[in-house]
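Let me begin by presenting the structure, written as structure tokens, before commenting on it.
For this chain, numbers begin at 1 and follow the sequence in order. Whatever order the structure lists ligands and atoms in, that order sets their numbers, starting from 1.
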Amino acid sequence: MKFDRKNHWAKVYNEKSPKSVSWYQDQPNLSLELILSTKVASDEAIIDVGGGASILVDNLIKGYFTNLAVLDISKKALSITKKRLGDSAKNIDWFESDITKFDSPKQYALWHDRALFHFLTDTFDRKNYIKVLNNALKTEGHLIIATFDMGGPERCSGLKIVHYNSEKMIAELGDNFKLIKERTEKHITPAKQTQNFKFFHFLKI
Ligand SMILES: C[S@@+](CC[C@H](N)C(=O)[O-])C[C@H]1O[C@@H](n2cnc3c(N)ncnc32)[C@H](O)[C@@H]1O
């Protein structure tokens, strides 16, 4: 039977609490540090793709960013985040979409992805993600993308993933992206497992 991505993620967020999933962070410190280091202005457009129930968007609101969007394939994940934000949710653009099929209504100054891209094990899906990224990110826009590092876990949420180092990520993204910096992070899951992540900051040229 063909894998149904939307069903998989619907089941995950319907059956598990947001704080129990392996990717849960009580503070997305490295994401925030990298976003702030880009010096994007507070009114520039920022999108968190595969944002899930992450509190990154809460932190960006607290940091006075006013032009925010969150995209996820899971309606439940988005509704958890919207509920948590209350009234502030009204000022955010919400997209329930598979990123490989997303038709962005506008261009962003910053695209953040923690642990979505590495699920794309199919070349065709990765090509489509990068096509969407190229259309949706403006020239001189920032890409902050985090995946499992080489030698990191083989699976996430029961699904096979692809590991990246900078060479692999550069080859995947193509000529429009210049690597600015990379960082490693040891993420400790709620079950106290260590997961090695790689964070990359690219500039679209
Ligand atoms: C491992 S979680 C990471 C969530 C969040 N970025 C974080 O750091 O807490 C991956 C997220 O990507 C979403 N996702 C997976 N594949 C997707 C796709 N093709 N398009 C959009 N969202 C997707 C899932 O629903 C899930 O919320």
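Residues satisfying the ring pair (Phe, Tyr, Trp, His ring centres under 6.0 Å) test with F124, not counting sequence neighbours, are none. Listed by chain and number, the residues in a ring pair (Phe, Tyr, Trp, His ring centres under 6.0 Å) with F199 amount to none (sequence neighbours excluded).
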Using residues 49-56 as the side-chain source, report each donor-acceptor pair under 3.5 Å to any protein atom, sequence neighbours left out, with the distance given to one decimal.
residue	atom	partner	partner atom	Å
S54	OG	L56	N	3.0

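A distance below 6.0 Å separates the ring centres of Y164 and F117.
A salt bridge links R5 to D125: at least one charged side-chain nitrogen sits closer than 4.0 Å to a carboxylate oxygen.
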Considering only N or O atoms, set out every pair between ligand 1 and the protein closer than 3.5 Å, with distances to one decimal place.
residue	atom	partner	partner atom	Å
ligand 1	6 (N)	G50	O	2.7
ligand 1	6 (N)	R114	O	2.8
ligand 1	8 (O)	R114	NH1	2.6
ligand 1	19 (N)	D98	OD1	3.0
ligand 1	20 (N)	I99	N	2.9
ligand 1	22 (N)	I73	N	3.2
ligand 1	25 (O)	D72	OD1	2.6
ligand 1	27 (O)	Y13	OH	2.6
ligand 1	27 (O)	D72	OD1	3.4
ligand 1	27 (O)	D72	OD2	2.7

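In this structure, T184 contributes its side chain and N196 its backbone to no donor-acceptor pair below 3.5 Å.
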